[in-house]
Amino acid sequence: LDARAAAHLALGPGMAHEPVGRVLERVAGLAKETIPGVDEASVTLMKNGKPRTVAFTGPLAVHLDERQYEQGFGPCLDAAVAGSLIVIPDTTTETTYKDFAEVAARQGVTHTLSMGLPIATSTIGGLNLYGTRGDPYDDSSIELTVAFAGYAAIALANAAALADALDEVAGMRTAMQTRAVIEQAKGILMRDNRCTADEAFRMLVQASNVSNRKLRDIALSLVEGTQH
Amino acid sequence: MPRADAKGVTVDVDGGAALAAGFALTELTLATAWARYHELGGRLSRLRLDAYLAGSEAWPALEHDIASHALNEALWDSGLGSAVPYASEL
């Protein structure tokens, strides 16, 4: 199965409503299945320059990725941040990423490939491929990886945008509920104290500051207490 | 004391600088700060919050108090006390 075709089918419209975590797992799993010489894969999703969500096909990738995130340096992070392609054909002779390559070699990794996931003007994350059987990735594998990364980036960007939008909607819903509760609490205070809405709000502020409880919690107690 | 006209209606206050100083102590982004202010019943737009913090407009005392309380609650979240003055303290 061609990696491009597989990625297109598996990450296409059907994945549009999947949670980000599931899309990430799918990308990692597909990379391992369809790109020759990949024994383990991981995918990193970046947000504000920091790795946010990660999916792995196995413990080897977990170990190698987490080490990089702790150190803030490594081919996966660099590829994810810069959107570049970083190939380590032989972990025993690597010089640029010497520390990483030594650890990887000790874990049995012979060669690695890290590819940024490009979207319009930036990158959304990185794809990391680990091989343990000696043969470095050849040009056709690299070409497939670049194509695969293109599809994966679109799927991930869509899933992440949907997740952000859902977060925002959930936040707005909570905000509207809180506003309504505060309005009700003000109404109760105005009735009981024959005061204005402004004065009622300042009473809530004062109660909040005196008790160090959030104003919304004070308002909720007041509204619930009155309902009994 | 909050400045009020003869009918007891509160008037605008120039508390943007004090609010901006408090905002700098929080870990909130401008968008989140506005969302917290809105959640507590604030009626003014995100753009007007930006303008108030920049010192380019005055705000009704009540709106100032809603925003300062939202920021004070954010300071509590960071383990700090209420540091943002209310309109009556300006």
Side-chain angles (χ1 to χ4, degrees), chain A residues 46-50 52 160-161 163-191 193-224 226, chain B residues 1-5 7-13 15 18-19 22 26-46 49 59-90:
Chain A
M46 306 289 285
K47 185 148 193 183
N48 301 327
K50 288 181 186 145
R52 187 174 68 158
D164 286 351
L166 290 176
D167 279 356
E168 206 162 297
V169 170
M172 268 170 56
R173 198 170 289 149
T174 311
M176 296 323 284
Q177 281 164 356
T178 305
R179 278 174 72 101
V181 169
I182 292 172
E183 275 306 307
Q184 269 180 284
K186 277 158 65 180
I188 292 164
L189 290 171
M190 287 162 73
R191 186 195 65 201
N193 299 283
R194 297 180 178 283
C195 65
T196 66
D198 287 20
E199 284 163 348
F201 183 77
R202 293 206 166 89
M203 290 170 80
L204 289 172
V205 167
Q206 201 184 353
S208 169
N209 272 316
V210 167
S211 62
N212 240 33
R213 285 173 68 205
K214 295 286 175 74
L215 192 143
R216 62 164 178 264
D217 296 333
I218 305 250
L220 191 62
S221 300
L222 194 61
V223 170
E224 283 176 343
T226 310
Chain B
M1 286 299 292
R3 281 163 279 173
D5 65 17
K7 288 174 187 153
V9 176
T10 49
V11 295
D12 289 356
V13 293
L19 209 66
T26 70
E27 287 166 17
L28 302 179
T29 61
L30 265 175
T32 320
W34 178 83
R36 301 277 184 95
Y37 153 77
H38 177 256
E39 189 169 356
L40 290 187
R43 288 191 174 84
L44 302 179
S45 70
R46 165 70 204 280
L49 177 63
W59 262 21
L62 178 67
E63 298 300 327
H64 172 93
D65 282 353
I66 298 172
S68 31
H69 195 69
L71 294 181
N72 279 329
E73 287 191 349
L75 290 175
W76 303 353
D77 290 340
S78 313
L80 303 168
S82 294
V84 190
Y86 296 95
S88 62
E89 299 164 333
L90 286 170

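Each chain gets a letter, A, B and so on, in the order its sequence line appears, and its residues count up from 1. This is a predicted model, so every value here is computed, not measured.
At a 4.5 Å heavy-atom cutoff, the contact between A/Glu183 and chain B is made by side-chain atoms alone. Proximity to chain A (any heavy atom under 4.5 Å) is shown, for B/His38, by both the backbone and the side chain.
When each of A/Asn209, A/Ile182, A/Val205 is checked for heavy-atom pairs under 4.5 Å with chain B, A/Asn209 comes out on top. Ranked by heavy-atom pairs under 4.5 Å with chain B, the list A/Ala180, A/Ser208, A/Gly171 is led by A/Ser208. When each of A/Met176, A/Met172, A/Lys214 is checked for heavy-atom pairs under 4.5 Å with chain B, A/Lys214 comes out on top.
Between atom CG of residue A/Leu215 and atom CZ of residue B/Arg36 there is a gap of 13.0 Å, rounded to the nearest 0.5 Å.
Taking a 6.0 Å sphere around CZ of B/Arg43, one finds it holds 12 or fewer heavy atoms contributed by other residues, nucleotides or ligands.
The two atoms that bring B/Leu62 and A/Phe201 nearest to each other are CD1-CD2, 3.7 Å, heavy atoms only.
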